[in-house]
S.K.: 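Have a look at the structure that comes next, please.
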Amino acid sequence: MSELNKIALQILSNGKGILAADESTSTMTKRLDTVKVPSNEKNRLLFRQTLFSSSAMKNCIGGVILYDETIRQKTSFGKNIPDLISSSGSITGIKVDTGAKMLAGSNEEKITEGLDGLRERLKDYYKLGARFTKWRGVYSISEKYPSNLSISANANALARYAALVQESGMVPIIEPEVLMEGDHSAKDCFNKTSEVIKKCYDELELHNVDLKGTILKPNMILPGKDSNEKVSNEEIAELTLECLKKNVPSSVPGIAFLSGGQTEVEATANLNQINIKNDTNFIMTYSYGRALQQSALKFWSKDINNIIGTQEIFDHRAKMCTLASQGKWSENLEKS
Ligand code: 13P
């Protein structure tokens with residue numbers, strides 16, 4: 001087993017998932033604004049160190065994705081953040097893209113940037129303790145989008161990123177996110193997501209990326225936020241599994257979904273159904289940002305010094321997600 005494959009399996013095995021706490025400062029500021037907490041370095045650290053010190057870290061969270069600011073911080077009790085994460089047996093990850101900018105040649109689409117100087121930045125992150133990384137490509141659905149240009153340009157960037165990350169001894173998370181915004185049907189999401197994922201694997205192969213040492217972070221197959229279509233958790237699971245079975249090579253060890261704007265319970269219920277129906281060899285787990293943090297953030301904002309109370313909320317959410325990644329979740333456990 002290669003070292004990278006070992007790291008990927010350590011992050012994803014035994015029902016564990018990933019805490020995506022890699023919001024850029026501007027995204028974190030938006031999140032903090034909604035709960036009326038000032039977004040400064042101290043508060044961003046306090047919320048994050050509260051989560052990273054919780055008991056769920058040992059039982060549920062196999063890896064944490066950080067943002068550049070956080071990987072360099074020390075907790076208020078003097079510990080480096082990567083050391084805090086590894087003290088519970090979890091692995092430190094880092095977002096290495098520098099965000100999505102307008103794609104030249106297409107009026108309304110985006111391309112993710114961050115390849116320039118990436119090799120050197122990766123060396124630095126490795127020294128700081130990171131063993132896996134994330135890069136997110138974004139695609140929106142409408143009649144003419146995503147265009148072939150955006151599908152192809154983002155897949156190329158993801159593959160170049162993944163090859164550099166493996167060269168530096170870390171596991172790349174490949175995140176092509178087809179957004180929920182819009183009134184498209186679940187079938188549209190299925191078709192576009194299939195095209196996007198297929199192109200990513202064509203490029204990854206071309207760039208000689210060892211798929212056993214990667215993790216895929218896709219969206220689930222859902223109707224658009226503004227669509228009136230009613231789709232059950234079972235149907236979402238079936239469409240999602242069909243899309244992944246058709247387009248993801250079997251050497252990929254695991255798939256960790258993003259939550260993408262689903263509520264906490266929706267993201268949990270859908271993951272649970274995916275695992276009940278999972279007839280593949282892929283591990284299917286979570287790499288949630290909002291669907292792990294939302295309730296904890298809301299609670300914390302009422303009293304930012306209530307560490308224990310905030311951790312209880314986070315522990316519950318992580319436990320529900322970990323049950324879902326084994327197909328063992330049910331709605332009545334939410335009340336426990
Ligand atoms: P959400 O789960 O909030 O979609 O965030 C996951 C993520 O990492 C997006 O890049």
Side-chain angles (χ1 to χ4, degrees), residues 11-12 17-35 47-48 51 60-71 91-101 110-114 130 132-141 154 157-158 161-162 171-182 189 193 196-197 200 214-222 224-225 236 240 254-271 274 284-298 314 317-318 320-322 324-325:
I11 296 169
L12 305 176
I18 298 171
L19 166 60
D22 61 326
E23 299 86 357
S24 64
T25 301
S26 70
T27 302
M28 196 58 192
T29 300
K30 273 190 226 149
R31 304 265 190 271
L32 290 171
D33 283 351
T34 60
V35 294
F47 179 64
R48 287 166 166 159
L51 304 187
C60 306
I61 304 297
V64 180
I65 318 173
L66 301 175
Y67 181 59
D68 185 79
E69 175 182 85
T70 323
I71 199 170
I91 298 184
T92 297
I94 180 81
K95 187 226 303 281
V96 302
D97 68 65
T98 55
K101 310 280 157 57
K110 291 194 167 165
I111 178 74
T112 302
E113 296 191 344
F132 75 103
T133 66
K134 183 189 109 171
W135 180 290
R136 170 175 172 261
V138 278
Y139 312 81
S140 49
I141 298 186
N154 276 295
L158 274 161
Y161 140 82
V171 169
I173 293 188
I174 319 287
E175 182 180 8
E177 176 175 9
V178 179
L179 297 168
M180 256 172 96
E181 276 71 31
C189 179
T193 304
V196 162
I197 293 180
C200 284
T214 65
I215 295 169
L216 176 67
K217 174 163 174 165
N219 49 285
M220 294 177 189
I221 304 299
L222 303 163
K225 255 191 200 142
I236 289 166
T240 303
I255 294 174
F257 294 96
L258 58 95
S259 60
Q262 300 178 73
T263 65
E264 291 177 340
V265 174
E266 273 164 10
T268 311
N270 286 331
L271 179 63
I274 288 172
M284 301 272 191
T285 185
Y286 56 91
S287 175
Y288 293 163
R290 284 161 288 178
L292 273 174
Q293 299 181 60
Q294 226 154 36
S295 296
L297 183 68
K298 209 165 156 197
F314 177 69
R317 200 65 254 140
M320 294 298 106
C321 289
T322 277
S325 69

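Counting starts at 1 for both ligands and their atoms, in listed order.
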S.K.: Of all the atoms in ligand 1, which lie at a distance below 4.0 Å from a heavy atom belonging to Tyr288?
M.R.: 2 (O)
S.K.: Thr133 vs Tyr161, test: side chain to side chain donor-acceptor pair (under 3.5 Å). Steps then yes/no.
M.R.: CA-CA 10 Å; Thr133 66; Tyr161 140 82; 2.8 Å; yes
S.K.: Under the salt bridge (Lys or Arg N to Asp or Glu O under 4.0 Å) rule, what pairs show up with a residue in residues 287-296, not counting sequence neighbours?
M.R.: none
S.K.: Taking distance alone, with N or O pairs closer than 3.5 Å, would you say Lys217 contacts ligand 1?
M.R.: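 In this structure, Lys217 places an N or O atom under 3.5 Å from an N or O of ligand 1.
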S.K.: Can an N or O of Glu177 be found at a distance shorter than 3.5 Å from an N or O of ligand 1?
M.R.: no
S.K.: State whether the number of non-hydrogen atoms from other residues, nucleotides or ligands found under 6.0 Å of Lys298 atom NZ is greater than 12.
M.R.: no
S.K.: Looking only at heavy atoms, what is the nearest atom pair of Pro176 and Leu158, with distance?
M.R.: CB-CD1, 4.3 Å
S.K.: Touching ligand 1 at all, Lys95? Heavy atoms, strictly under 4.0 Å?
M.R.: no
S.K.: Picking from Lys95, Lys30, Arg48, what satisfies salt bridge (Lys or Arg N to Asp or Glu O under 4.0 Å) with Glu23?
M.R.: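 One option only clears the test, and that one is Arg48.
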S.K.: Which ligand 1 atoms does Gly260 reach within 4.0 Å, using its non-hydrogen atoms?
M.R.: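 In order of number, 1 (P), 2 (O), 4 (O).
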S.K.: Do ligand 1 and Gly289 have nitrogen or oxygen atoms that lie under 3.5 Å from each other?
M.R.: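 Yes; the residue has a nitrogen or oxygen that sits under 3.5 Å from a nitrogen or oxygen of the ligand.
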S.K.: Under a plain distance cut-off of 3.5 Å, with no hydrogens placed, do Thr29 and Ser26 share a side-chain donor-acceptor pair?
M.R.: no
S.K.: Which bit of Arg136 gets closer than 4.0 Å to ligand 1, counting heavy atoms only: side chain, backbone, both or neither?
M.R.: side chain
S.K.: Check each heavy atom of Ala20 against ligand 1 and say whether those closer than 4.0 Å belong to the side chain, the backbone, both or neither.
M.R.: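 Looking at Ala20 and ligand 1, just side chain atoms fall under 4.0 Å.
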S.K.: Does Lys101 reach the side chain of Thr112, with side-chain heavy atoms less than 4.5 Å apart?
M.R.: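 No, side chains not in contact.
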S.K.: Report the nearest protein non-hydrogen atom to atom 10 (O) of ligand 1: residue, atom name, distance rounded to 0.1 Å.
M.R.: Lys134 NZ, 2.6 Å
S.K.: Distance under 4.0 Å to a non-hydrogen atom of Ser259: what atoms of ligand 1 satisfy this?
M.R.: 1 (P), 2 (O), 3 (O), 4 (O)
S.K.: Decide whether an N or O pair under 3.5 Å exists between Glu175 and ligand 1.
M.R.: yes
S.K.: Is it true that the side chains of Tyr67 and Thr27 contain a donor and an acceptor less than 3.5 Å apart?
M.R.: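 No pair is found: no donor N or O on one side chain lies under 3.5 Å from an acceptor on the other.
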